[in-house]
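Written out below as C-alpha cells is the structure these notes cover.
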Amino acid sequence: MDTVETDVQTTTLPIADDPVPPRRRRVLLKLSGEVFGGGKLGVDPATVQGVAREIASAVDDVEVAIVVGGGNFFRGAELSQSGMDRSRADYMGMLGTVMNCLALQDFLEQAGVETRVQSAITMGQVAEAYIPRRAIRHMEKGRVVIFGAGAGLPYFSTDTVAVQRALEVHADVVLMAKSGVDGVYTADPKKDPSARKLERLTYDEALRRDIRVMDQTAMTMCKDNGLTMIVFGMQGEGNVTKAILDGQLGTVVTP
C-alpha cells in the first residue's frame, strides 16, 4: 500500500504587543442649581457658558460626568413647606434639573464637546434613559454625560444622586462645586469670622462634628464605599478646570 505524505504548514499569528492604553481619570462633577442661575431665578446664559468652557478645557484628558441640581427653578423641600405635596414638589424639582442639563449641553456643544444627557425620568425627545454602562461607554469615547432628573424618585437629594451615579460609573472622585465658599470650614465663614478652612477631613469627622459638607446620606455612602470627595469653590478663573484635572484645591474629604 502506498503511503501519501502530507506537508502541513503551521501559520503563526502575530501577537499584538501594543500596550493597553491607561485608563483616564474619571470624575463626577456636582453642580448646584444656583450655579446655573447666577444667584437668580432661571438660567443665566453667560454663567453657564463660562462653566461649559472650563469643562471643555479638561475633557481631552479626563472623563467627565455631571449631576446638576435644580434649585434655580424649584426646591421640593421648600415647596412642600408651603403646603405642596412633597412627592409632587420633588418631581417638579427633577424637571428643573433637566432644563439645566439641556442648557449645559447646548453650551458644551458650542464649545466643541460631544455631550449626552441621561434622565432618570423617561423623556425620549430630549434625553436618553439613564443606563450606567451606556454612560461609561460615552465617557470612554470622550463625551461628557450629564445626569438629570435626580434619582427619578422623591425624597432624594441631588447630593445623594451624585454619589450614587459616581459609584455606578466607577468615578475616581466626586467634585462638589460650591458657590460663595472655597472649601469646607469649621463653621459658616459668612457668620463666624473665626471659621477656619480645612485642607483635609474624613467623613467620620464631618459626621461627628456635624460639618455640612453634603447631606448625611450622601456622606455615609461615600464613607461605606471608599469614595473620595473634593469640595471646591466655583469662584476663580479656571477653578472648574483645575478641579477636574488634578483636584489640587479646596478640601479633600476621605473615608
If we only count heavy atoms from C-beta on, is the [X] to [Y] side-chain gap below 4.5 Å?
{"X": "Arg24", "Y": "Asp61", "answer": "no"}
{"X": "Val213", "Y": "Leu201", "answer": "yes"}
{"X": "Phe36", "Y": "Val68", "answer": "yes"}
{"X": "Arg212", "Y": "Asp210", "answer": "yes"}
{"X": "Ile211", "Y": "Thr186", "answer": "no"}
{"X": "Leu31", "Y": "Ile66", "answer": "yes"}
{"X": "Thr220", "Y": "Tyr203", "answer": "no"}
{"X": "Met229", "Y": "Leu227", "answer": "no"}

Decide whether [X] and [Y] are clustered together by the hydrophobic rule: side chain heavy atoms of Ile, Leu, Val, Met, Phe, Trp, Tyr closer than 4.5 Å, transitively.
{"X": "Val62", "Y": "Met139", "result": "no"}
{"X": "Val161", "Y": "Val173", "result": "no"}
{"X": "Leu29", "Y": "Ile230", "result": "yes"}
{"X": "Leu207", "Y": "Met221", "result": "yes"}
{"X": "Leu104", "Y": "Val59", "result": "yes"}

Taking [X] for the side chain and [Y] for the main chain, is one N or O donor matched with an acceptor at less than 3.5 Å?
{"X": "Asn100", "Y": "Gly69", "answer": "yes"}
{"X": "Thr97", "Y": "Ala149", "answer": "yes"}
{"X": "Glu54", "Y": "Val240", "answer": "yes"}
{"X": "Arg25", "Y": "Ile244", "answer": "yes"}
{"X": "Thr202", "Y": "Glu205", "answer": "yes"}
{"X": "Arg53", "Y": "Phe107", "answer": "no"}

Mind checking the [atom1]-[atom2] spacing from [X] to [Y]? Nearest 0.5 Å is all I need.
{"X": "Lys141", "Y": "Ile136", "atom1": "NZ", "atom2": "CD1", "result": "13.5 Å"}
{"X": "Met94", "Y": "Phe156", "atom1": "CE", "atom2": "CZ", "result": "9.5 Å"}
{"X": "Ser32", "Y": "Lys178", "atom1": "OG", "atom2": "NZ", "result": "7.5 Å"}
{"X": "Thr115", "Y": "Leu102", "atom1": "OG1", "atom2": "CG", "result": "11.0 Å"}

If you look only at pairs with a residue in [range], which of them pass as a side chain to side chain donor-acceptor pair (under 3.5 Å), with sequence neighbours excluded?
{"range": "residues 149-159", "result": "Lys30-Thr158, Lys30-Asp159, Ser157-Thr160, Ser157-Asp215"}
{"range": "residues 228-251", "result": "none"}
{"range": "residues 164-174", "result": "Arg23-Asp172, Tyr130-Glu168, Gln164-Glu168"}

For [X], which residues count as a side chain to side chain donor-acceptor pair (under 3.5 Å) partner, sequence neighbours excluded?
{"X": "Asp106", "result": "Gln110"}
{"X": "Glu63", "result": "Arg26"}
{"X": "Arg134", "result": "none"}
{"X": "Glu140", "result": "Arg137"}

Quick check: closest heavy atoms across [X] and [Y], and the distance to 0.1 Å?
{"X": "Gly96", "Y": "Phe73", "answer": "O-CD1, 3.6 Å"}
{"X": "Ser179", "Y": "Met234", "answer": "OG-CG, 4.4 Å"}
{"X": "Gln118", "Y": "Ala129", "answer": "CD-O, 3.6 Å"}
{"X": "Ser119", "Y": "Ala127", "answer": "CB-CB, 3.9 Å"}
{"X": "Ala151", "Y": "Ala120", "answer": "C-CB, 3.6 Å"}
{"X": "Gly148", "Y": "Val98", "answer": "C-CG2, 4.3 Å"}

**Q.** salt bridge (charged side-chain N to carboxylate O under 4.0 Å, His left out): pairs with one or both residues in residues 190-200, sequence neighbours excluded
**A.**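 For residues 190-200, and leaving out neighbouring residues, the salt bridge (charged side-chain N to carboxylate O under 4.0 Å, His left out) pairs sorted by first residue read Asp182-Lys197.
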
Q: Write out all pairs satisfying salt bridge (charged side-chain N to carboxylate O under 4.0 Å, His left out) with one or both partners inside residues 110-119, taking only residues at least two apart or from two chains.
A: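 Counting only pairs at least two positions apart or across chains, the salt bridge (charged side-chain N to carboxylate O under 4.0 Å, His left out) contacts touching residues 110-119 are Glu114-Arg116, Glu114-Arg143, Arg116-Glu128.
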
Q | For Ala103, all residues meeting side-chain contact (heavy atoms from CB on, under 4.5 Å), sequence neighbours excluded | A |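 Residues passing side-chain contact (heavy atoms from CB on, under 4.5 Å) with Ala103: Val43.
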
Q | Co-members of Tyr185 in a cluster of I, L, V, M, F, W and Y side chains, linked at under 4.5 Å | A |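 Noted: Tyr185 shares its cluster with Val181.
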
Q.
Who clusters with Ile131? Use side-chain heavy atoms, under 4.5 angstrom, across I, L, V, M, F, W and Y, and order the result by chain and number.
A.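 Answer for Ile131: none, a lone residue.
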
(Q) Between Asn72 and Glu34, does the side chain to side chain contact (heavy atoms under 4.5 Å, CB included) criterion hold? Intermediate values first, please. (A) CA-CA 5 Å; Asn72 54 319; Glu34 287 79 1; over 6 Å; no

(Q) Can you tell me which residue among Leu28, Val144, Ile146 is in a side chain to side chain contact (heavy atoms under 4.5 Å, CB included) with Val64? (A)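 Only one option passes, and that is Val144.
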
